[in-house]
Amino acid sequence: MSKQVGPLLQRAPYRYELPETYKKGMRVPGILWVNEAAARLIAEDQSLDQLANVACLPGIVGASHGMPDIHAGYGFPIGGVAAFRTDSGVISPGGVGYDINCGVRLMKTSITVEDVRPHIEELTRRLQRDVPSGLASEGELSLSAADLRDVMVQGAQWAVDRGMGELQDLEFCEDRGAMQAADPNAVSERAVKRGRNQLGTLGSGNHFLEVCYVDSVYDDGLAEAFGLRYHTVCVMVHSGSRGFGHQICTDYVSIMLKAMTKHGIHVPDRQLACAPFDSDEGQKYYSAMACAANFAWANRQVLAHLVRGVMSGLFPGIKVSTVYDVAHNIARVEKHVVEGRPLELIVHRKGATKALGPGNSLLPGAYSRYGQPILVPGDMGRYSYVLAGTVKAQEETFGSTCHGAGRLLSREAAKKSVDGSMLKATLRDKGIFVLGTSNASLAEEAPEAYKDVSEVVSVMVDAGLARKVARLVPIGVVKG
DNA sequence: ATGTTC
């Protein structure tokens, strides 16, 4: 017997199916990884229809997956995972999103919250002073077109080679901080123009720098493996590919709208514009997307370097090392086992994190016995989580988990109901010192605008798609 | 997310 919630059928605890009969054209079912309360909310939400639309795309394999932090996005839902055959399926810019390789880097330090607490205001002010943030912000690096081409190909390595980081940083970046598929020839002049002054800038919206500390450890072995001891101070960086990736997405949505006619592809929503992966347009988008992904890794590498500079200035002798760096808006060619056979797929994760289980050969050596650190930021007033990947996720969700709390209120609704300066004062009373580019932008990012990330994380853990490692509580935040 | 309506 399976329980029904609107059009959704519960197939297992935390696993709800949206059957192919929900909408004409669906080639596979949708699967939502949620608890019952969330299933009821999503059953009425636009993201459910988007999940179904994705299931209509050519070459989709298995199911169109929705993570517990799912909400409506451009065409594809945010919190969505969709894998397509590379020989007969499509690639879609909407399945990656406008902020290509938006992602998170977590760094641990050699000091504790007791060391930092007395200096948190000064530390946060210096972070805001030394790390450019906000819309249209520009960095200290002004790249020539040739330099930018190198960034597009080399990713995080480009920055490390120029003294902005440590070799170890690369080992703990997904893909070692660079996708091999990058080809700068697939990137427009306009994207280059927008990207040249933006390396080493945080951006705006939900992008942030956060000083936080380990306040709970759930698994001693995993936490030790990731270097996350009780009260260790960490820094989380959330940023992406800025105007550069945005322009690449814009360019290719337009290219693919034309390509669809040429290739005879029909989609239920124009925002799902796509092309066969093995077509000229599909390959060029993949190459350009990889350039943006590599730009974002270089960006987080430079940001990490700037953070290190600030931390060392205030705490001489401090060691700041990368725990892990994940993309949560990206598409990659990966091998997965489908119906008992290995198959090459182009896996789109939009607001979803890749999660490798113990023993996966792609893991850095130090983590191979433990699985991948999954970084799940919550909101600036509560907490974030570090999880570890499982083999079950590799089997059930193409090795994917959630990426954050997920919005509860729209930006508009949050701005109406929250006063930015009052929010700052409230957080300060809680021991969280917050600086933003404006009170309005802070209000949009208020804790009450987000779901409680602990509920999102519980679903992943109880469904067996991740293991709980540690919880991080913020003490100083710079918002873009 | 984004030189937030090239």
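Keep in mind that this is a model prediction, so the values were computed, not measured. Note that these values count all heavy atoms, side chains included, but never hydrogens, waters or copies made by symmetry. The sequence lines fix the lettering, A, B, ..., with proteins before strands; numbering per chain opens at 1.
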Verdict with reasoning, F84(A) to F277(A), per ring-ring contact (aromatic ring centres under 6.0 Å, His included): CA-CA 9 Å; F84(A) 303 88; F277(A) 181 70; 10.0 Å; no
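- Both L202(A) and R190(A) lie near DNA chain B, and the one whose nearest nucleotide falls closer to the 5' end is L202(A).
- Here dC6(B) presents its C1' atom at 12 Å from NE2 of H246(A), a figure rounded to the nearest Å.
- Protein atom OH of Y74(A) is 16 Å distant from nucleotide atom P of dT4(B), rounded to whole Å.
- As judged by a 4.0 angstrom heavy-atom cut-off over every strand, Q198(A) is placed among residues touching the sugar-phosphate backbone only.
- In this structure, H305(A) has no ring-ring contact (aromatic ring centres under 6.0 Å, His included) partners at least two apart in sequence or on a different chain.
- Counting non-hydrogen atoms under 4.0 angstrom, G203(A) reaches the backbone sugars and phosphates but no base.
- Taking atom CD of Q247(A) as the reference point, atom P of dT2(B) lies 13 Å away to the nearest angstrom.
- Nucleotide dT2(B) holds its P atom 16 Å from the CG atom of D251(A), rounded to whole Å.
- Distance OH (Y98(A)) to C1' (dC6(B)): 12 Å, rounded to an integer number of Å.
- Using a 4.0 Å heavy-atom distance criterion, G205(A) is classed as a sugar-phosphate-only contact.
- I100(A) comes within 4.0 angstrom of no nucleic acid atom, judged by non-hydrogen atoms across all strands.
- Counting all heavy atoms, side chain and backbone alike, L148(A) lies closest to L143(A) at CD1-CD1, 4.0 Å.
- In this structure, the CD atom of E444(A) is 12 Å from the P atom of dT2(B), given to the nearest Å.
- Between R242(A) and dT2(B) there is a side-chain polar atom (N or O) within less than 4.0 angstrom of OP1 or OP2.
- Spacing between atom NE2 of H238(A) and atom C1' of dT2(B) amounts to 14 Å, rounded to whole angstrom units.
- Of the side-chain N and O atoms in S204(A), one or more sit less than 4.0 angstrom from OP1 or OP2 of dT2(B).
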Got a list of side-chain donor-acceptor pairs under 3.5 Å for residues 420-427 of chain A, not counting sequence neighbours?
| residue | atom | partner | partner atom | Å |
| --- | --- | --- | --- | --- |
| S421(A) | OG | D419(A) | OD1 | 2.8 |
| T426(A) | OG1 | M422(A) | O | 2.8 |

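- When heavy atoms are screened at a 4.0 angstrom cut-off, G240(A) is found touching no nucleic acid atom at all.
- Proximity of the aromatic rings of Y367(A) and F172(A) is defined here by a centroid distance below 6.0 angstrom, and this criterion is met.
- In this structure, the NZ atom of K193(A) is 16 Å from the C1' atom of dT2(B), given to the nearest Å.
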